[in-house]
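Read the structure below first, then the notes.
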Amino acid sequence: MKNSVVLLLCLVFLLNGENMFSQEREHAFEMNRRLGMGINFGNMFEAPSLGEWGVEPDSAYFRDVKSKGFASLRLPVKWSAHAMANYPYTIDGEFMDTIVWAVDLALKNELPVIINIHHYDEIMTNPAAHRERYLALWDQISTRFQNYSDSLYFEILNEPNGNFTPALWNQYLIEGLSKIREKNPDRMVLVGTADWGGIGGLSQLKLPDDPNIILTVHYYNPFNFTHQGADWTGQNLPVGVTWDSTAVQVKAIVDDMNVIKQYSEKNNVPVHIGEFGAIGNADDASRARWIGCLRTVFDENDFSGAYWEYCSGFGIYDPALDCYRTGLLRALTGYEGAYDCHAYDTVIVKNSAFNNSIQPWYFNQFPEYGATGNAKVVDGEARLEVLSPGSANWHIQFLYFSFTLKKGYTYTFLFDAYASTPVTIGAGIGKNYDDYRSFNYRDVNLTAEKKTFVSTFTFNEATENNSRIAFECGLINAQYLYFDNIHLYESAPGTAVEKVLFAECTVKIGGNRFAVEGAAVKSITVYDISGRIYHRKTYQPTQFVEIPENILPTHISLIQINTNAKNTVLKYVKR
């Protein structure tokens, strides 16, 4: 009887313990779902020094990824380049403050954020020599962030490889987790695999007995597609490899994801695909198809993910041109209407979102006529304060110079603006010398509501190499004017007369009548210059659709065409 009682008590304890563990692990699954579809800020904080790889941290990026539908951020961080090489391995305070700034911005924008130890190259070569430094780094990181909310996640180490064998990784990940748990007992921690973080390391990964962990796996298959032309691989992979959603290609992805899913189910652990991406050397249509396939399989398996990456070689956003690879963005988050990098030839005016400073814009005033004021950045916008108006509109100016206007090219001038009280200002593009004559000028009525203003003109004079944008505000009776997102786009003459298209595409506009033929057209969407949907129509699949002139806005951004065939043709229809 005594033995039976003991056995019963043990059984009750085991059942209760199993239920408790299941409930705790369910919390990990829920925390993983919060990550959703995220994105990596690659080439930013894991470069040897900030900006060295061409990506400067910018507060606007955090707002942007939130607005484009991403659910979370992954911040790869090269702590090892900013810490003492010898005991006590102190992390540089300024660099730590930079990462704190980034984490705070992510959380301010309601983006759960992952920080890791990234590109710790020395530990891959000599793990034993860097064991204490690795633990000291985590001691400092976990101490600095110990009071942060559960929207901050830690990832122990990115892509163990080389001499950092799977067996050593199983040991070091336990030690790293233990160090984290000293100050962060309940924080979600992501654990990856050895052998470069991929599927190949799963079979040898031994997860720690911890309810608050998430498995992270990186995925770049097929490698000859995702890394074509990448000079750092050492494999001389040729450019031109496509991904066409064939049954064989889709099955390869599904089979790979099933391997991860089986590990997840066997170990009762949620999965985050912490990196997946295709290089810009691949065509955007193939990249979008590959991403779309992965996104579907992630959703089916309840995986979260983070695309590699935001604005560099694999990126969805081009900061120099201030435009997006819209097919990729749509495949990742479903976001429609962003400025497509294929829609225009050139963006003339850059760095005019006013996230950091007024420069290169210039505030010009003429106090001899009584006109005084100032300009500064306030909450990511340029704010002009008019202290005293003058006697002419040009007595207070907000200027950008100098740039070239080319004969025969079409220019689209776009900006957001509003005022503390309703006023009328001038907005013009003209010469930056001599008589300062305007080539394109309009009166703009501002209200307290932020609005987008657009004008388009074809420059038919001789090419002008010293042009400027001028907002003229010398007669206003409002105290404050606000400007944001100022762009000047340039389009070459005669574009988009005929173009071969893929099944899902966006096209540059160069006329006002178009037709699509040679494929089964399913839908046509027209966007205005502000990225808003102007017209959308779906069709029973048809072989020919003419896009009539009356559905095209005056200031058109792009036409998006969806067909169920690989190739089609957009033609300009002559009358």
Side-chain angles (χ1 to χ4, degrees), residues 38-57 73-86 89-92 94-96 98-100 102-103 113-142 144-145 153-166 168-169 172-173 176 179-180 189-198 201 216-220 223 226-227 230-234 272-277 279 306-315:
I39 195 163
N40 281 272
F41 273 178
N43 287 26
M44 194 176 301
F45 303 109
E46 89 280 16
S49 60
L50 294 179
E52 184 170 338
W53 289 349
V55 181
E56 293 281 357
L73 270 180
R74 181 173 180 259
L75 302 181
V77 183
K78 189 177 176 68
W79 300 97
S80 56
H82 303 275
M84 294 170 59
N86 300 309
Y89 313 113
T90 305
I91 296 171
D92 175 74
E94 184 175 346
F95 184 74
M96 176 66 84
T98 299
I99 304 305
V100 169
V103 170
V113 57
I114 302 164
I115 57 174
N116 71 357
I117 291 180
H118 206 96
H119 285 331
Y120 194 169
D121 302 322
E122 301 91 336
I123 200 171
M124 309 304 173
T125 302
N126 193 342
H130 286 268
R131 174 179 170 274
E132 293 303 323
R133 188 171 185 243
Y134 150 75
L135 294 175
L137 293 178
W138 267 121
D139 182 53
Q140 295 172 76
I141 299 165
S142 60
R144 182 62 183 81
F145 292 102
Y153 299 59
F154 290 160
E155 179 185 335
I156 301 178
L157 185 68
N158 181 73
E159 297 184 351
N161 64 83
N163 293 328
F164 212 148
T165 64
L168 275 177
W169 174 229
Y172 279 50
L173 75 87
K179 182 59 66 176
I180 291 170
V189 176
L190 282 76
V191 177
T193 67
D195 290 336
W196 295 97
T216 180
V217 182
H218 294 179
Y219 190 76
Y220 290 102
F223 195 77
T226 65
H227 282 69
D231 53 12
W232 68 87
T233 65
H272 178 69
I273 307 299
E275 291 183 20
F276 69 100
I279 197 169
Y307 181 75
W308 187 273
E309 33 65 34
Y310 175 63
C311 63
S312 195
F314 287 64

- Task: Locate the shortest heavy-atom distance separating V55 from C311; write the atom from each residue and the value.
- Result: CG1-SG, 3.6 Å
- Under a 4.5 Å cut-off applied to non-hydrogen side-chain atoms, are H272 and I114 in contact? yes
- Item | From CZ (R131) to CG (N126), nearest 0.5 Å | 13.0 Å
- Message: For M96 and F145: C-alpha separation, side-chain torsions, deciding distance, then whether side chain to side chain contact (heavy atoms under 4.5 Å, CB included) applies.
- Response: CA-CA 11 Å; M96 176 66 84; F145 292 102; 4.2 Å; yes
- Task: May I ask you to check whether over 12 heavy atoms, not counting those of W53, lie within 6.0 Å of atom CH2?
- Result: yes
- Query: Are any non-hydrogen side-chain atoms of I156 and W169 less than 4.5 angstrom apart?
  - Reply: yes
- Query: Atom CD1 in I273, atom OH in Y219: separation rounded to 0.5 Å?
  - Reply: 9.5 Å
- Query: So how far is it from T233 OG1 to F223 CZ, rounded to the nearest 0.5 Å?
  - Reply: 5.5 Å
- Message: ring-ring contact (aromatic ring centres under 6.0 Å, His included) for Y307 and F314? Distances and angles first, verdict last.
- Response: CA-CA 9 Å; Y307 181 75; F314 287 64; 7.6 Å; no
- Test E275 against N158 for side chain to side chain contact (heavy atoms under 4.5 Å, CB included), laying out the working first. CA-CA 10 Å; E275 291 183 20; N158 181 73; 3.4 Å; yes
- Task: Using modelled atom types only, decide if a donor and an acceptor are shared between the side chain of D92 and the backbone of E94 within a distance under 3.5 Å.
- Result: yes
- Item | With W79, the ring-ring contact (aromatic ring centres under 6.0 Å, His included) member among Y134, Y120, F95 | F95
- Query: Got I91 and L137 here, is their nearest side-chain heavy-atom distance under 4.5 Å?
  - Reply: yes
- Item | Exercise: identify the closest heavy-atom pair between P166 and A194 | CA-CB, 3.7 Å
- Value for NZ (K78) from CD1 (I117), rounded to nearest 0.5 Å, stands at 11.5 Å
- Query: So which heavy atom on A102 is nearest to which on L75, and how close?
  - Reply: CB-CD1, 3.8 Å
- Message: Do W308 and P76 make a side-chain contact, defined as non-hydrogen atoms from C-beta onward lying under 4.5 Å apart?
- Response: yes
- Query: Quick one: CG on L73 to CD1 on I39, what's the gap to the nearest 0.5 Å?
  - Reply: 8.0 Å
- Query: Given R133 and S80, is the side chain to side chain contact (heavy atoms under 4.5 Å, CB included) satisfied, shown in steps?
  - Reply: CA-CA 9 Å; R133 188 171 185 243; S80 56; 3.7 Å; yes
- Task: For the pair R74 and E309, find out whether any cationic side-chain nitrogen is under 4.0 Å from an anionic carboxylate oxygen.
- Result: no
- Item | Short side-chain to backbone donor-acceptor contact, T193 and G198, under 3.5 Å | yes
- Message: Using side-chain heavy atoms (C-beta onward) and a distance below 4.5 Å, is V77 in contact with E46?
- Response: no
- Note on the structure: In this structure, CD1 of I123 is separated from OH of Y172 (nearest 0.5 Å) by 6.0 Å
- Query: Mind checking whether N163 and M124 have side chains closer than 4.5 Å, heavy atoms only?
  - Reply: no
- Query: Side-chain contact, heavy-atom cut-off 4.5 Å: I141 with I115?
  - Reply: yes
- Item | Flag side-chain contact, heavy atom, 4.5 Å: N116 against L190 | no
- Message: So does G315 get a backbone contact from the side chain of S312, meaning a donor-acceptor N/O pair under 3.5 Å?
- Response: no
- Mind running ring-ring contact (aromatic ring centres under 6.0 Å, His included) on H218 and F276 for me, showing each step along the way? CA-CA 6 Å; H218 294 179; F276 69 100; over 10 Å; no
- Nearest non-hydrogen partners of A230 and I279, listed with the distance: CB-CD1, 3.9 Å
- Message: Using modelled atom types and a 3.5 Å cut-off, is there a donor and acceptor pairing between side-chain atoms of E155 and backbone atoms of Y153?
- Response: no
- Message: If I compare all heavy atoms of P48 with all of A81, which pair ends up nearest, and what's the gap?
- Response: O-CB, 3.6 Å
- Item | Parallel, tilted or perpendicular: rings of Y310 and F41 (30°, 60°) | tilted
- Query: W138 vs F154 aromatic rings, parallel, tilted or perpendicular, using cut-offs 30° and 60°?
  - Reply: tilted
- Message: Quick one about S49 and E52 (side-chain donor to acceptor, distance below 3.5 Å, no hydrogens or angles considered), yes or no?
- Response: yes
- Item | Pair T98-L50, side chain to side chain contact (heavy atoms under 4.5 Å, CB included): steps then yes or no | CA-CA 10 Å; T98 299; L50 294 179; 3.9 Å; yes
- Query: Is a side-chain donor-acceptor pair under 3.5 Å present for Y220 with H227?
  - Reply: no
- Query: Between E159 (side chain) and H119 (backbone), is there a donor-acceptor pair under 3.5 Å?
  - Reply: no
